[in-house]
Amino acid sequence: MKYLMCILFVFSLCFAGCSKESDDPLQEEVPAKNENVLAKTLLYTDWASAATVMSMSYVDMRNTLISDLDSRCEDAPSFLQQMDDVDLCWGAMMYKFFLDADIFSAQQLADMTLEEYRTSIIDLNATKTVFSVSELQKKNNIRNLSIAYSWWFYQNTSSKQKIEQLNNVAIAEPSFDMKDDKGRVMDVLRIVKADESYTYLGVYHSMASTNEFILYLAGSNDLKNWINITELGDRSHQGDIKKWGNGYIVANEQDPIQGSNNIRVRYYASYVDLAEDKPTNDKTISQTFSNLAEGTPDIRKIEGFVPSSSHIVIGYHYYDNGIRDQQAFGILTDFSNWRTWKDEVSNFTIQEMGYKGNIGGRSAFSHDGDYVLQEAQITSGDWSSWRILFGNGAFYCTLQPQTPLGSASFANPGITPIESDKFVVTSFLPSQGNRSGEIGELVYIVQF
């Protein structure tokens, strides 16, 4: 069958998705060689570890993806080798969708071609949405995948429950306008279960003067009352914290030069070192995609046990051409080497949802799968149009949090486990679009 498909390709030149719709932005705006999408796909599908992706050349990534698809679908290697990078990626993401959605088994998918993947998604979308088959056939694969996830997130029991719990702010005993014991606002609070002198630790920033922020560390035993412990940097903000063994990693945005922000990552070998701001490892990451701003990092994944032999996946945003924030991700190896890529998949799928402003902070979590909370802005410059998206790191839906007073604008999401099925969720509520008494940093607990 694979040899037959190879022969058919010579005559038809018709891979699903690239010929179905000519306005695929990832094919028009970038050349056929697209390492950004290859790296994203290998990490998104878990077909390669961060350590493996870090070591790969562009050719290695492409060949690995071809090899992985060859073992997972009916198409011949020669057929796959003729495909553009983005089409290979959409093929891999269709495979992941079917497997995650429990629509086909791995064996069933192995007996199907990528064209059959496409046809199956179109048929599903036609039964689940208002789109007709003919309309869906005109759309490329990433658009059909976006449509598929738009209904599947609400149909899948696990993701549906998460969406419902995340939306039910009013019944979760929320706390608004969080402040520490010094009276400082705790903007963009990120929390970690620590079980040290305090049950929980949090990093947050507070304004020291016009356009100048300080990053702080505080501790709490009840997630409501926070005791300031120390400063973690002047002209520092938008922090994230994760526990790693007996130590901690802190990543944050800093602007030692006003208007030129970048990322800093630190490792503290113990709580004592963290409380005294004495990092064992300290890495300042130079800008790659924007000389204006790169920041709001989130620590996505940690591979390894010590900084000298580790791979840390970090998400962040970059100020694209001084117009709007866009998503990117990178891998920090051994706390020394940094390699990074634009997240063209998320940027495209989120903009397709109608978010034409900034696509900014995000927070990843795992519970019966890997998920991401992502902030996105409907209209540039309009703070009332900030929304929180729920997704899997590539495809998303919009949350609709219900607060006691009906606030509507939410930004800078954070989520972290505090018990086996309990998570603490944070978000910054700007004054625009929200009710008096429901502004500043929001904290509430959900149980999945």
Side-chain angles (χ1 to χ4, degrees), residues 166 169 174-180 182-192 200-220 223-224 226 228-242 248-255 261-266 274 293-300 314-319 325 327 357-365 372-377 383 386-389 399 401 407 409-416 423-434 438-444:
L166 290 164
V169 179
S175 298
F176 295 91
D177 195 22
M178 299 298 297
K179 292 183 173 66
D180 64 19
K182 306 295 184 182
R184 301 188 188 96
V185 296
M186 303 180 73
D187 290 346
V188 193
L189 173 64
R190 295 291 178 272
I191 298 170
V192 65
Y200 310 101
L201 296 174
V203 295
Y204 56 100
H205 65 247
S206 190
M207 183 174 286
S209 61
T210 304
N211 294 323
E212 182 177 348
F213 296 88
I214 294 176
L215 190 70
Y216 292 100
L217 173 74
S220 176
L223 297 171
K224 295 181 181 294
W226 291 88
N228 180 264
I229 298 172
T230 192
E231 293 184 13
L232 293 178
D234 188 21
R235 303 195 72 87
S236 299
H237 35 88
Q238 307 281 6
D240 192 18
I241 183 170
K242 291 289 188 291
Y248 296 86
I249 293 181
V250 173
N252 64 272
E253 183 176 341
Q254 63 177 9
D255 57 329
N261 301 16
N262 68 287
I263 297 168
R264 181 185 184 189
V265 187
R266 287 168 281 180
L274 175 63
E294 295 187 353
T296 313
D298 73 299
I299 303 163
R300 290 284 183 87
I314 296 174
Y316 68 99
H317 67 65
Y318 63 96
Y319 196 28
D325 290 332
Q327 297 297 292
N358 291 323
I359 308 173
R362 74 231 60 79
S363 186
F365 69 102
V372 174
L373 298 184
Q374 169 75 58
E375 69 169 356
Q377 190 181 36
W383 281 68
W386 281 108
R387 301 292 183 267
I388 303 298
L389 314 182
L399 292 178
S407 292
S409 180
F410 300 81
N412 292 110
I415 183 168
T416 192
F423 289 74
V424 58
V425 182
T426 59
S427 180
F428 176 74
L429 276 65
S431 58
Q432 298 91 331
N434 293 320
E438 291 187 349
I439 60 173
E441 194 67 15
L442 163 67
V443 177
Y444 66 104

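Hydrogens, waters and symmetry mates are skipped; everything else that's a heavy atom, side chains included, is used. Each residue takes its place number in the sequence, starting with 1.
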Given side chains that start at C-beta, do those of Tyr200 and Val424 come closer than 4.5 Å, heavy atoms only?
no
Looking at CD1 of Ile214 and CZ of Arg184, how far apart are the two atoms once the value is rounded to the nearest 0.5 Å?
7.0 Å
Start with the C-alpha distance between Val188 and Thr296, add both sets of side-chain angles, then the distance that settles side chain to side chain contact (heavy atoms under 4.5 Å, CB included), and finish with yes or no.
CA-CA 10 Å; Val188 193; Thr296 313; 5.8 Å; no
For Arg190, enumerate each residue passing the salt bridge (charged side-chain N to carboxylate O under 4.0 Å, His left out) test, keeping only those at least two apart in sequence or located in another chain.
none
Would you name the heavy atoms of His317 and Arg362 that are closest together and state the gap between them?
N-NH2, 3.6 Å
Consider side chain to side chain contact (heavy atoms under 4.5 Å, CB included). Of Glu294, Glu253, Gln254, which one does Asn262 pass it with?
Gln254
List the steps and the verdict of side chain to side chain contact (heavy atoms under 4.5 Å, CB included) for Val250 and Leu274.
CA-CA 9 Å; Val250 173; Leu274 175 63; 4.1 Å; yes
Acceptor/donor pairs from residues 427-434 side chains to any protein atom, 3.5 angstrom cut, sequence neighbours excluded:
from   : atom 1 : to     : atom 2 : distance (Å)
Ser427 : OG     : Ala411 : N      : 3.4
Ser427 : OG     : Ala411 : O      : 2.8
Asn434 : OD1    : Ala408 : N      : 2.9
Asn434 : OD1    : Ser409 : N      : 2.8
Asn434 : ND2    : Ser409 : O      : 2.9
Asn434 : ND2    : Pro430 : O      : 2.6

Looking at every heavy atom in both Ala364 and Arg300, which two are closest together, and how far apart are they?
CB-CD, 3.6 Å
Please list, chain by chain and in numerical order, all residues satisfying salt bridge (charged side-chain N to carboxylate O under 4.0 Å, His left out) with Asp187, sequence neighbours excluded.
none
CA sep, side-chain torsions, deciding dist, call: Ile359, Asp325, side chain to side chain contact (heavy atoms under 4.5 Å, CB included)
CA-CA 5 Å; Ile359 308 173; Asp325 290 332; 5.6 Å; no
With sequence neighbours excluded, what pairs up with Ser206 under the side chain to side chain donor-acceptor pair (under 3.5 Å) test?
none
I'd like to check the side-chain contact (heavy atoms from CB on, under 4.5 Å) partners of Pro413; sequence neighbours left out, ordered by chain and number.
Leu373, Glu375, Ile388
Which heavy-atom pair separates Val169 from Pro174 by the least distance, and what is that distance?
O-CD, 3.3 Å
Taken in chain and number order and not counting sequence neighbours, the residues that satisfy ring pair (Phe, Tyr, Trp, His ring centres under 6.0 Å) with Tyr319 are none
Looking at every heavy atom in both Tyr248 and Val192, which two are closest together, and how far apart are they?
CE2-CG1, 4.2 Å
Identify the two heavy atoms, one from Leu201 and one from Gly219, that lie closest to each other, and give their separation to 0.1 Å.
CD2-CA, 4.1 Å
Partners passing side chain to side chain donor-acceptor pair (under 3.5 Å) against Arg266 (at least two apart in sequence or in another chain):
Asn252, Tyr268, Asp277
Quick one: side chain to side chain donor-acceptor pair (under 3.5 Å) partners of Tyr318, sequence neighbours excluded?
none
Compare all side-chain heavy atoms of Asp240 with those of Pro297 and state whether any distance is below 4.5 angstrom.
no
To the nearest 0.5 Å, atom CG of Asp298 lies from atom CD1 of Ile314 at 8.5 Å
Taking the side chain from Tyr444 and the backbone from Leu166, do they hold a donor-acceptor pair closer than 3.5 Å?
yes
Using ring pair (Phe, Tyr, Trp, His ring centres under 6.0 Å) as the criterion, list what pairs up with Tyr216, not counting sequence neighbours.
Tyr204
With no hydrogens and no angle check, just 3.5 Å: does a side-chain donor-acceptor pair link Gln238 and Asn412?
yes
Audit row: Val185, Glu441, side chain to side chain contact (heavy atoms under 4.5 Å, CB included) steps and yes/no
CA-CA 8 Å; Val185 296; Glu441 194 67 15; over 6 Å; no
Short side-chain to backbone donor-acceptor contact, Asn358 and Gln377, under 3.5 Å
no
Minimum heavy-atom distance between Ile241 and Ile191, given as atom pair plus value:
CG2-C, 4.4 Å
For Glu212, enumerate each residue passing the salt bridge (charged side-chain N to carboxylate O under 4.0 Å, His left out) test, keeping only those at least two apart in sequence or located in another chain.
Arg235
I'd like to check the side-chain contact (heavy atoms from CB on, under 4.5 Å) partners of Phe213; sequence neighbours left out, ordered by chain and number.
His205, Met207, His237
Residues that Asp177 engages under salt bridge (charged side-chain N to carboxylate O under 4.0 Å, His left out), provided they are two or more places apart
Lys179
